[in-house]
Every structure is written in C-alpha cells, then in structure tokens.
2 protein chains.
Amino acid sequence: MNIGDVSTQTGLPAKTIRYYEDIGLVKPLRDDNGYRRFRSQDIHKLNFLGRARALGFTIEDCRTLMALYEDDTRASSDVKKVARAHLAQIEAKIADLNAMRDTLGHLIDACAGDDRPDCPILQDLGGKA
Amino acid sequence: MNIGDVSTQTGLPAKTIRYYEDIGLVKPLRDDNGYRRFRSQDIHKLNFLGRARALGFTIEDCRTLMALYEDDTRASSDVKKVARAHLAQIEAKIADLNAMRDTLGHLIDACAGDDRPDCPILQDLGGKA
DNA sequence: AATGAGGGTTCCAGTCACGGGAAGGTCAAG
DNA sequence: CTTGACCTTCCCGTGACTGGAACCCTCATT
C-alpha cells in the first residue's frame, strides 16, 4: 500500500505518517521507485498511534506504549503507570481550564457588551484599579 | 527600573519580558549602558499581559486587548467579542479533555495493573481485537 | 590593578507535533 | 506525448517561550 491509501485508511495525514517514519515509530519498506510500501503491520501500528494520540498521549508516551504493546512479557502495571501519569496531566489541565472558564465567564457576564467603553474585563486585566 | 526588578515585581521571567519587547508589546527606554529602563506604564502593561496570559489569551489576543485598553473610545462589545471567542475555545478544549479523561479513566479502571501482560488499555489502542 | 559576583546585553538553537510549499521523480490514462 | 495525480526530499514556519553561549557593566574586595 502506498502512503495515500494508508492515509485514507488510517485517517492520518501523509505528512504525519512520514513524520512518524522520520522519528522511527514506523518502518515501512521501499519500492524500487522509492515509494514507501506499507505492510498490514505498519498500518496496524499507525492505527495504534492514531488512537493513542487521540487520547492525548505524547509521542514519547506512544513510543513507550508501542514497545509495551509489542512486548509479550510486559507487566500491565507498566502500561497503567504511563496511563495514570497522563491522566493526571489531563486532569491538571482541565482544572486550569475550568478556572479560566469560571473567571472569564464571570467577567463576560459582567460586561455590558454595548458601544460604551466601560468594561469590567479590561478593568480586571488592568489590575482592578 | 531594570529588568530584574521588573521581573520580580511582575512575576514574569526576564526572558519573557525581553520577548514581549521583541514582538512590540512593551517599549521600555534604554539607559546609556544599553540596559532597558522600565517606566511605571511599562510595568502596568506587563501586569496586564501577565493577567491576560494567565486567562489563556493568545499573544495576538493580548495585543488586541491592550489596544482596546488604551483606546478611550472603545466599545465594550469589542472586548466582549474577543473574550467570548476565547471562552468558546476554552470550552471546546475542556470538552476534548473531558472525553479523553473519561475514556482513559475507564481503561485505567479496567486494567489490573499487575505483573501479567493482559491489558485492556493496550487492547483498546490496538483496535480492540 | 586584578578579580569575582551579580547584574545586564545579543543571538542562536531547541521545544512539540506536525503543516505548507517548492522542486522534482513516477505512473496510468487519454 | 502530455496531463494530472501521485510520490519523493528538503527546508521553513508555527506559539510562546526557554536554555545557553559569549560578551559587557558595575561595584566591592583582595
């Protein structure tokens, strides 16, 4: 399979697939004309990567998870550890964003949003005064 | 005031302050020795920027908000529009992260986390099977 | 006078995970 | 034979900084 078809199949942009090869996450073969030839195992890997990325794992996490995936002697605790660390990051980010949303929401509610210059949003940013 | 003191006062790293000058957000004066000299208005601006950035506004949003802040003839609706667009972005991101958290949370709960290789997390990433 | 500490300066490279676009090779169809 | 759709590599840009090198300025101490 050529990269275009793989892109369609996996939903990953061709650029992304080439990038994943660059950083050693996939190793497709090459045809005589230089085109990448993807085997089913490559496509399987790419789907794995796509799902892991969709869950927000970093590329390095993906590398780790793939290694574990391909290691029959892995301990599920190792997988769980990676996942839990990532979950903690997600929850921290959610907390940050919730705080922003609350503050911003209040400010927006307090702002008249008309053609006058008075604006509690700018007042807050300017240091309340 | 030199950059070190400004950094302490505003809580912004000196590097960040120089960067903000680079991109034209602040324009401190210069002493004869080449050192930046910050006036109170510069510090005020930097505090404004710090707060806006803490609310997650992009640098470009900050530029817009600062311009509105300094424009006595602004309409608060313009400010509100920027803020609402940003709030929408935040909420979209929260939704994404919540979805990730839910999925990841379920997978983690389902994973034994012991020394055996069986792992629902990897099964899911591998395409359920 | 030399030295050292603790400021400051510029500039360059790296981050993360790609995306855009140029310049060029390959292939099947008309 | 040409067209158009593929494919290739290579390099630059993204956002908002951060780290580090190499160097200057000022003051205090030896």
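So that the names make sense, note that chain A is the first sequence line, chain B the second, and so on, each numbered from 1.
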Counting only heavy atoms and a strict 4.0 angstrom limit, can you tell me which residues of residues 31-39 of chain B come near DNA chain D? Asn33(B), Tyr35(B)

More than 12 heavy atoms from other groups under 6.0 Å of CD on Glu91(B): yes

Using the rule that Ile, Leu, Val, Met, Phe, Trp and Tyr join whenever any side-chain heavy atoms are under 4.5 Å apart, tell me whether Tyr35(A) and Ile17(A) fall into a single cluster. no

Whole angstrom value for the distance that separates P of dC18(C) from CD of Glu21(A): 15 Å

Under 30°, 30 to 60°, or over 60°: which ring-plane class applies to Phe48(B) and Tyr69(B), parallel, tilted or perpendicular? tilted

Between CG of Asp22(A) and C1' of dC16(C) the distance, given in whole Å, is 15 Å

Taking CZ from Arg18(B) and P from dG20(D), how many angstroms apart are they, rounded to a whole number? 15 Å

Base, sugar-phosphate or nothing for Tyr20(B)? Non-hydrogen atoms, less than 4.0 Å. sugar-phosphate

Indicate, with a heavy-atom threshold strictly under 4.0 Å, whether Ile23(A) touches base, sugar-phosphate, or nothing. nothing

Between C1' of dT9(D) and OH of Tyr19(A), the distance in whole Å: 17 Å

Find the distance Arg63(B):CZ to dG15(D):P and express it as a whole number of Å. 11 Å

Just checking Arg53(B): base, sugar-phosphate only, or nothing, at a heavy-atom cut-off of under 4.0 Å? sugar-phosphate

Taking only side-chain nitrogens and oxygens of Arg30(A), does any of them come within less than 4.0 Å of OP1 or OP2 of dT9(D)? yes

Could you check Phe38(A) against Asp5(A) for side chain to side chain contact (heavy atoms under 4.5 Å, CB included), going step by step and ending with a plain yes or no? CA-CA 10 Å; Phe38(A) 293 85; Asp5(A) 299 323; over 6 Å; no

First encountered from the 5' end of DNA chain D, between Lys15(B) and Asn2(A): Asn2(A)

Taking atom P of dG7(C) as reference, at what distance in whole Å does atom CG of Asp5(B) sit? 9 Å

To the nearest angstrom, how far is Ile59(B) atom CD1 from dT18(D) atom P? 11 Å

Between Thr16(A) and dA17(C), is there a contact of a side-chain N or O with OP1 or OP2 at under 4.0 Å? no

Does Asp114(A) reach the main-chain N or O of Arg116(A) with its side chain, forming a donor-acceptor pair under 3.5 Å? yes

Salt bridge or not for Asp42(B) and Arg39(B), using N-O below 4.0 Å? yes

In whole angstroms, how far is the C1' atom of dT9(D) from the CD1 atom of Ile3(A)? 12 Å

Charged N-O contact under 4.0 Å between Glu21(A) and Lys27(A): no

